[in-house]
Amino acid sequence: MKLSTNIKNFRTFRGITQLQLADMLGKSKNTISNWERGDNFPDPDTIERMCSIFEVTPNQIFGWESNPELDAYLKAQQERFRSSKMEQQ
């Protein structure tokens, strides 16, 4: 996965809003949104701080190494989405 996708996935997995993450990092909510859309990227020091907040390694945030907890969370999200679509039909 891309860095932008991983930032959003780890943020939501930890139950953190864009505004909360922005406050933790001393950035604006728009900056977080730009990162998650892939419009621009955080600097290395900020990536290191996000790793600490999300409790992940740099390899995991860059998608070079999987994170079993996040993988299970994303799988559960997909299953809930599929279930809700089935119920709507």
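Values below: all heavy atoms of this structure, side chains included; hydrogens, waters and symmetry mates excluded.
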Exercise. Within a radius of less than 6.0 Å around CD of Glu65, do more than 12 heavy atoms belonging to other residues, nucleotides or ligands occur?
Worked result: yes
Seminar exercise, completed: Heavy atoms of Arg11 and Leu21 approach each other most closely as CD-CD2, 4.0 Å
Exercise. What are the two closest non-hydrogen atoms of Gln20 and Gly15, and how far apart are they?
Worked result: OE1-O, 3.8 Å
If I take atom [atom1] from residue [X] and atom [atom2] from residue [Y], how far apart are they, to the nearest 0.5 angstrom?
X: Leu74; Y: Phe81; atom1: CG; atom2: CZ; value: 14.0 Å
X: Arg80; Y: Gln78; atom1: CZ; atom2: CD; value: 11.0 Å
X: Thr12; Y: Ile7; atom1: OG1; atom2: CD1; value: 12.0 Å

Exercise. Can you check side chain to side chain donor-acceptor pair (under 3.5 Å) on Asp43 and Thr46, steps first, answer last?
Worked result: CA-CA 5 Å; Asp43 62 75; Thr46 302; 3.0 Å; yes
In the structure I gave you, are the side-chain heavy atoms of [X] and [Y] within less than 4.5 Å of one another anywhere?
X: Asp71; Y: Lys75; result: no
X: Met50; Y: Trp35; result: yes
X: Ile47; Y: Leu3; result: yes
X: Phe10; Y: Ile16; result: no
X: Leu25; Y: Ile53; result: yes

Is a donor on one side and an acceptor on the other found under 3.5 Å between the side chain of [X] and the backbone of [Y]?
X: Arg49; Y: Met24; result: yes
X: Asp39; Y: Asn34; result: no
X: Gln60; Y: Ser66; result: yes
X: Thr31; Y: Lys27; result: no
X: Ser33; Y: Lys29; result: no

Exercise. So does Glu69 pair up with Arg14, basic N to acidic O under 4.0 Å?
Worked result: yes
